[in-house]
Novice: 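This is the structure, below, for whatever I ask next.
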Amino acid sequence: MDIFQDGISELSLVEILGNDMRVVQAARVSYNCESKGAEKDEALIKFLLQEGHLGPFEHVVITMKVTAPIFVIRQWFRHRTWSYNEISRRYTSSDINFYIPKRIGVQDVKNKQKVIDYDNAAFSFVVSDKIRKHSAISLDLYYELLEAGVPRETARVVLPQNLYSSFYATVDLRNLLGFIKERSAENAQYEIREYAKAILQLITPHIPWSIEAWKEINGY
Ligand SMILES: Cc1cc2nc3c(=O)[nH]c(=O)nc-3n(C[C@H](O)[C@H](O)[C@H](O)COP(=O)(O)OP(=O)(O)OC[C@H]3O[C@@H](n4cnc5c(N)ncnc54)[C@H](O)[C@@H]3O)c2cc1C
C-alpha cells in the first residue's frame, strides 16, 4: 500500500502466522478442546477481547515491510514488543527520498497534539514547496560531503527527519492491536495514524473475526 500516494511510502504484509482459529485453539487448550463451531468460536474471540484475555492473540504473528519517514519511524520504534530491522545509512547512500507533506494545518494554540485548519490549500502549497526545497538543498550537501570523502555515517547528519527509511517489523497480534489503538487515535500524529489505519485494512482479510470484534469493542 502506498500510504501517501507518492510512489515511495510503503506498507506490505510479508507473512502472517496463524489466523482466527489459532486464537480459538490457544484459548480452548485450557479445556483440552479446539473448536465448538464457527458461531461459538467467533463469539469466544469477542469475549476474550472484551474481558482482556489477550494471551491467545499472541499466537498470531505478523511480519510487515514498511517504508516511512524517519519522524514516523521514531514514534513507531517506541513500541518495544516488536522486532525491527532497518536499512543502515552507514552502509548505503542510494535510494534517498523525502516525504513532502501535502495537507498542512496550523498548530492549535491550546492543545499541543492538535492541528487545525487543514483546508488552506494556498498555505499547504507554500509550506510544501519550502519543505521540498529544503530537502533538495540537504541532499545536495549530502552528496557534496560524500564526494569530499566524508563517511556515509557522518554525511547523513545533514539529512532531515522527512527522509524515508525502510524496515522489517514483526509483532504478535496482541501488541499490534495495542499499537493500532494508540497510533490511530485522534491525538496521534496524522502520518503515523495513516499507517495504523492501513495496517488494520491489510490484516482484516486474514483475521476477520478478531478484527471485526476488536473494531466493535473499540468503536471503530
Ligand atoms: C499521542 C502520543 C504521544 C506521545 N508522546 C510522547 C512523547 O512526547 N515523548 C515520549 O518519549 N514518548 C511519547 N509517546 C510514546 C509513549 O509514551 C509510549 O512509549 C509508546 O506509545 C509505546 O507505548 P507502550 O509502552 O504501551 O508500547 P510497547 O512498548 O509496545 O509496550 C506494549 C505493552 O507492553 C508492556 N511493556 C512494554 N515494555 C515494558 C516494560 N519495560 N515494563 C513493563 N511493561 C512493559 C506494557 O504493558 C505496554 O503497554 C507518545 C505516544 C502517543 C500515542
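Both ligands and their constituent atoms are indexed starting at 1 by order of listing. Position 1 is the first residue of the sequence; numbering continues from there.
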Novice: Among all the protein's heavy atoms, is there at least one whose distance to atom 8 (O) of ligand 1 comes out below 4.0 Å?
Specialist: no
Novice: What atoms of ligand 1 come within less than 4.0 Å of a heavy atom belonging to Glu182?
Specialist: 20 (C), 21 (O), 22 (C), 23 (O), 24 (P), 26 (O), 53 (C)
Novice: Gln113 heavy atoms, cut-off 4.0 Å: which ligand 1 atoms fall inside?
Specialist: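 Under 4.0 Å from Gln113, ligand 1 has these atoms: 1 (C), 3 (C).
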Novice: Return a yes/no value: protein heavy atom under 4.0 Å from atom 11 (O) of ligand 1?
Specialist: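 Within 4.0 Å of atom 11 (O) of ligand 1, protein heavy atoms are found.
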Novice: Indicate whether any N or O donor in one side chain lies under 3.5 Å from an N or O acceptor in the other, for Asn111 and Asp108.
Specialist: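 There is no such pair between these side chains.
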Novice: Scan side-chain atoms only and decide if Asn162 and Ser135 contain a donor-acceptor pair under the 3.5 Å cut-off.
Specialist: yes
Novice: Let me check something: do Tyr99 and Leu139 share a hydrophobic cluster, defined by ILVMFWY side-chain heavy atoms less than 4.5 Å apart, either directly or through other members?
Specialist: no
Novice: Kindly indicate whether atom 15 (C) of ligand 1 is approached by any protein heavy atom to under 4.0 angstrom.
Specialist: yes
Novice: Just jot down the ligand 1 atoms closer than 4.0 angstrom to any heavy atom of Asn175, in number order.
Specialist: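 Going through ligand 1 atom by atom, the ones under 4.0 Å from Asn175 are 32 (C).
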Novice: Should the pair Glu34-Arg28 be classified as a salt bridge under the 4.0 Å nitrogen-to-oxygen rule?
Specialist: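 Between Arg28 and Glu34 there is no salt bridge, as every charged N stays at least 4.0 Å from the carboxylate O atoms.
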Novice: Name the closest protein heavy atom to atom 37 (C) of ligand 1, giving the residue it belongs to and the distance to 0.1 Å.
Specialist: Arg80 NH2, 3.4 Å
Novice: Using the ring of each side chain (for Trp, its six-membered ring), is Phe47 parallel, tilted or perpendicular to His53, with breaks at 30° and 60°?
Specialist: tilted
Novice: Would you please indicate if the ring centroids of Phe98 and Tyr164 are separated by under 6.0 Å?
Specialist: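 For Phe98 and Tyr164, the ring centres are not under 6.0 Å apart.
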Novice: When you check the side-chain N and O atoms of Thr170 and Ser83, is any donor under 3.5 Å from an acceptor?
Specialist: no
Novice: Can you check whether a protein heavy atom sits less than 4.0 angstrom from atom 27 (O) of ligand 1?
Specialist: yes
Novice: Counting heavy atoms only, which part of Arg183 comes closer than 4.0 Å to ligand 1: side chain, backbone, both or neither?
Specialist: side chain
Novice: Can you confirm whether the side chains of Ser88 and Glu86 place a donor and an acceptor under 3.5 Å from each other?
Specialist: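 On atom types as modelled, these side chains do not qualify, holding no pair under 3.5 Å.
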Novice: With distance as the sole criterion, is a donor-acceptor pair present between the side chains of Tyr220 and Ser184 under 3.5 Å?
Specialist: yes
Novice: Under 4.0 Å from atom 5 (N) of ligand 1, do we find at least one protein heavy atom?
Specialist: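 No, there is none.
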Novice: Tell me the protein heavy atom at minimum distance from atom 34 (O) of ligand 1, and give that distance in Å.
Specialist: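 Among all protein heavy atoms, the one nearest atom 34 (O) of ligand 1 is Thr81 CG2, 3.9 Å.
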Novice: Look at atom 22 (C) of ligand 1 and find which of Gln189, His79, Gln75 reaches it with the closest heavy atom.
Specialist: His79
Novice: Could any protein non-hydrogen atom be found less than 4.0 Å from atom 43 (C) of ligand 1?
Specialist: no
Novice: What about Arg78: any of its N or O atoms under 3.5 Å from an N or O on ligand 1?
Specialist: yes
Novice: Just need the protein heavy atom nearest to atom 1 (C) of ligand 1, so name the residue and atom and give the distance.
Specialist: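 It is Asn187 O, 3.5 Å.
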Novice: Checking contacts now, so for atom 49 (O) of ligand 1, which I'm interested in, is there any protein heavy atom under 4.0 Å?
Specialist: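 Neighbour list for atom 49 (O) of ligand 1 is empty of protein heavy atoms (cut-off 4.0 Å).
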Novice: Before we go on, tell me: are the rings of Tyr168 and Tyr84 under 6.0 Å apart, centre to centre?
Specialist: no
